[in-house]
Student: 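Here's a structure for you.
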Amino acid sequence: MAESSVDEVADGIYRISSRLPGAVDGRDLTINVFLLMADEPLLFHTGLRACLRATAAALGRLLPLSRLRWLSFGHVEADECGAMNGLLAAAPHAEVAFNARGCWMSLRDMADRPPRALAPREALDLGGRRVVVVPTPHVPHNVESQVLYEETTGTLLCGDLFAQLGDGPAVTRSAPVAEALAAESALAWSPPGEAVPRALESLAGLEPRTLAIMHGSSFEGDGGRALRELAAAWRDRLPLPTGEREAAGQLAG
């Protein structure tokens with residue numbers, strides 16, 4: 001695995017990116033983890049187990065691994081938490097913090113140390129900043145899916161939402177709506193129907209200023225507008241079943 005790159009995407013929030021060449025139909029796929037610097041630093045995503053050495057080396061440029069206090073991620077999947085136990089071994093005081101459903105279903109068995117179960121909308125105080133857990137069941141996939149919202153910088157840690165293929169810049173100021181739809185067409189990993197656009201519209205209410213995205217470039221700008229644009233484009237590009245489209249129209253009216 002090549003050396004991982006490090007970029008600051010918001011004040012005190014660092015993107016550590018590993019690239020998988022040709023991973024999806026010959027196109028590169030980036031796997032991004034995000035370090036939130038605080039009195040109790042949190043890492044959102046751990047990356048693949050195969051990326052652990054490169055990820056740990058990049059983290060070591062920012063802080064001693066032993067300082068890591070919290071690990072979290074969007075859902076239970078190899079690229080989200082494959083390196084979880086390796087990082088727990090390197091950081092003796094670290095705990096996994098995840099929603100209660102995911103802890104009950106998977107993490108109490110998978111994690112080498114007991115995880116901390118978080119209630120919906122519970123805030124985790126990192127010392128100097130807080131993150132709020134927002135469950136997004138089945139969005140973009142897996143019933144235990146969640147995102148985190150960091151209140152100080154207005155950063156939404158999006159997980160797989162807004163995923164893009166290719167190896168773009170660390171941060172863009174152009175909302176990657178078309179790129180996210182193209183990735184969805186290639187990967188086909190999200191459920192049909194209203195689940196995704198409704199979740200996007202709900203998250204838009206947070207009005208984030210940065211979207212920290214796991215695959216592809218992060219976005220800096222009007223995050224609420226970007227989320228609403230993706231929700232609208234999702235409905236147009238990936239038509240809903242007739243009954244759900246009518247219901248969506250009634251809600252909009």
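By convention here, the first residue in the shown sequence is residue 1. Hydrogens, waters and symmetry mates play no part in the numbers below; they use all other heavy atoms, side chains included.
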Student: Do Pro115 and Arg108 have side chains that approach each other closer than 4.5 Å (heavy atoms only, starting at C-beta)?
Tutor: yes
Student: Over all heavy atoms of both residues, which pair between Gly166 and Thr30 is shortest? Give the atoms and the distance, please.
Tutor: O-CG2, 3.9 Å
Student: Side-chain contact, heavy-atom cut-off 4.5 Å: Met84 with Val96?
Tutor: yes
Student: I'd like to know if Leu71 and Met110 are part of one continuous hydrophobic network [Ile/Leu/Val/Met/Phe/Trp/Tyr, side-chain heavy atoms within less than 4.5 Å].
Tutor: yes
Student: Side chain to side chain donor-acceptor pair (under 3.5 Å), that's the test. Do Ser17 and Asn32 meet it? Break it down for me.
Tutor: CA-CA 4 Å; Ser17 183; Asn32 306 318; 2.6 Å; yes
Student: Could you give the distance from OG (Ser145) to CZ (Phe73), rounded to the nearest 0.5 Å?
Tutor: 11.5 Å
Student: Work out which heavy atom in Ala117 is nearest to a heavy atom in Ala100; give both atom names and the distance.
Tutor: CB-CA, 3.9 Å
Student: Do the side chain of Thr46 and the main chain of Ala83 share a donor and acceptor less than 3.5 angstrom apart?
Tutor: yes
Student: I'd like to know whether CZ of Arg113 has more than 12 heavy-atom contacts from other residues, nucleotides or ligands below 6.0 angstrom.
Tutor: yes
Student: May I ask you to check whether Phe219 and Phe162 place their ring centres under 6.0 Å from each other?
Tutor: no
Student: Test side chain to side chain donor-acceptor pair (under 3.5 Å) on Glu80 and His45; report intermediate values, then the result.
Tutor: CA-CA 5 Å; Glu80 300 264 349; His45 312 311; 3.0 Å; yes
Student: Rounded to the nearest 0.5 Å, what separation is found between the CG atom of Leu211 and the CG atom of Leu157?
Tutor: 10.0 Å
Student: Does the side chain of Ile13 come within less than 4.5 Å of Arg129's, by heavy atoms?
Tutor: yes
Student: Are Val177 and Val196 grouped together when hydrophobic residues (ILVMFWY) are joined by side-chain heavy atoms under 4.5 angstrom apart?
Tutor: yes
Student: Are Leu62 and Leu68 connected in the hydrophobic side-chain network, where two residues link if heavy atoms are under 4.5 Å apart?
Tutor: yes
Student: Look at Glu122 together with Arg116 and state whether they make a salt bridge at an N to O cut-off of under 4.0 Å.
Tutor: yes
Student: Of all heavy-atom pairs between Asp39 and Gly128, which one has the smallest distance, and what is that distance?
Tutor: OD2-N, 4.3 Å
Student: When you measure from the side chain of Asp25 to the backbone N and O of Arg27, does any donor-acceptor pair fall under 3.5 Å?
Tutor: no
Student: For the residue pair Ser190 and Glu184, confirm or rule out a side-chain donor-acceptor distance under 3.5 Å.
Tutor: yes
Student: Just wondering, do Val134 and Pro120 contact through their side chains at under 4.5 Å, heavy atoms?
Tutor: no
Student: Please step through side-chain contact (heavy atoms from CB on, under 4.5 Å) for the pair Ile213 and Leu161, ending with a clear verdict.
Tutor: CA-CA 7 Å; Ile213 297 167; Leu161 293 175; over 6 Å; no
Student: Is any side-chain heavy atom of Glu207 closer than 4.5 Å to a side-chain heavy atom of Asp222?
Tutor: yes
Student: With sequence neighbours excluded, what pairs up with Arg130 under the salt bridge (Lys or Arg N to Asp or Glu O under 4.0 Å) test?
Tutor: Glu151
Student: Minimum heavy-atom separation for Pro191 and Pro140, please, with both atom names.
Tutor: CD-O, 3.1 Å
Student: Classify the side-chain pair Gln146/Ser72 by whether it contains a donor and acceptor separated by less than 3.5 Å.
Tutor: yes
Student: Less than 4.5 Å apart, any side-chain heavy atom of Leu230 and any of Leu181?
Tutor: yes
Student: Is any side-chain heavy atom of Val6 less than 4.5 Å from a side-chain heavy atom of Arg61?
Tutor: yes
Student: What is the minimum heavy-atom distance between Ala91 and Leu65, and which atoms define it?
Tutor: CB-O, 3.3 Å
Student: State whether the side chain of Asn85 and the backbone N or O of Asp112 hold a donor-acceptor pair below 3.5 Å, judged by distance alone.
Tutor: yes
Student: Checking Leu59 against Ile16 for the side-chain contact (heavy atoms from CB on, under 4.5 Å) test, could you report, in this order, the C-alpha distance in whole Å, the side-chain angles of both residues, the deciding distance, and whether it holds?
Tutor: CA-CA 8 Å; Leu59 282 169; Ile16 296 165; 3.3 Å; yes
Student: Before accepting this row, confirm whether a basic side-chain N of the pair Arg15/Glu8 lies closer than 4.0 Å to the acidic partner's carboxylate O.
Tutor: no
Student: Kindly indicate, with the supporting measurements, whether the criterion side-chain contact (heavy atoms from CB on, under 4.5 Å) is fulfilled by Phe98 and Glu144.
Tutor: CA-CA 9 Å; Phe98 200 81; Glu144 78 281 0; 3.8 Å; yes
Student: Taking Trp104 as the starting point, is it possible to reach Val76 by hopping between hydrophobic residues whose side chains are less than 4.5 Å apart?
Tutor: no
Student: Among side-chain atoms of Thr172 and Ser174, is any donor-acceptor pair under 3.5 angstrom?
Tutor: no
Student: Pick out which of Glu95, His93, Glu40 makes a side chain to side chain donor-acceptor pair (under 3.5 Å) with Trp70.
Tutor: Glu40
Student: Taking 4.0 angstrom as the limit, do Arg173 and Glu220 come out as a salt bridge?
Tutor: yes
Student: How long is the gap from CG on Leu156 to OG on Ser218, to the nearest 0.5 Å?
Tutor: 10.5 Å
Student: Can you hop from Leu87 to Leu107 via hydrophobic side chains spaced under 4.5 Å?
Tutor: yes
Student: Please round to the nearest 0.5 Å and tell me the distance separating atom OG of Ser202 and atom CG of Leu227.
Tutor: 10.0 Å
Student: Among Leu124, Val131, Val132, Leu126, exactly one meets side-chain contact (heavy atoms from CB on, under 4.5 Å) together with Glu150. Which residue is that?
Tutor: Val131
Student: I'd like to know whether Val9 forms a side-chain contact (heavy atoms from CB on, under 4.5 Å) with Tyr14, so could you lay out the CA-CA distance, the side-chain angles of the two residues, the decisive distance to 0.1 Å, and finally the verdict.
Tutor: CA-CA 6 Å; Val9 299; Tyr14 294 87; over 6 Å; no
Student: Salt bridge check: are Glu3 and Arg19 linked by an N-O gap of less than 4.0 Å?
Tutor: no
Student: Looking only at non-hydrogen atoms, find the nearest pair between Pro21 and Asp28 and report the distance.
Tutor: CA-OD1, 3.1 Å
Student: Is it the case that the side chains of His215 and Asp160 hold a donor-acceptor pair, with the cut-off being a distance below 3.5 Å and no angle test?
Tutor: yes
Student: How long is the span from the CD atom in Glu179 to the CG atom in Leu165, to the nearest 0.5 Å?
Tutor: 10.0 Å
Student: Rounded to the nearest 0.5 Å, how far does CG of Leu200 lie from CH2 of Trp234?
Tutor: 7.0 Å
Student: Is it true that the side chains of Thr55 and Ser4 contain a donor and an acceptor less than 3.5 Å apart?
Tutor: no
Student: Should the heavy atoms of other residues, nucleotides or ligands under 6.0 Å from CZ of Arg101 be counted, would the total exceed 12?
Tutor: no
Student: Is there side-chain contact between Ser217 and Gln164, with heavy atoms separated by less than 4.5 Å?
Tutor: yes
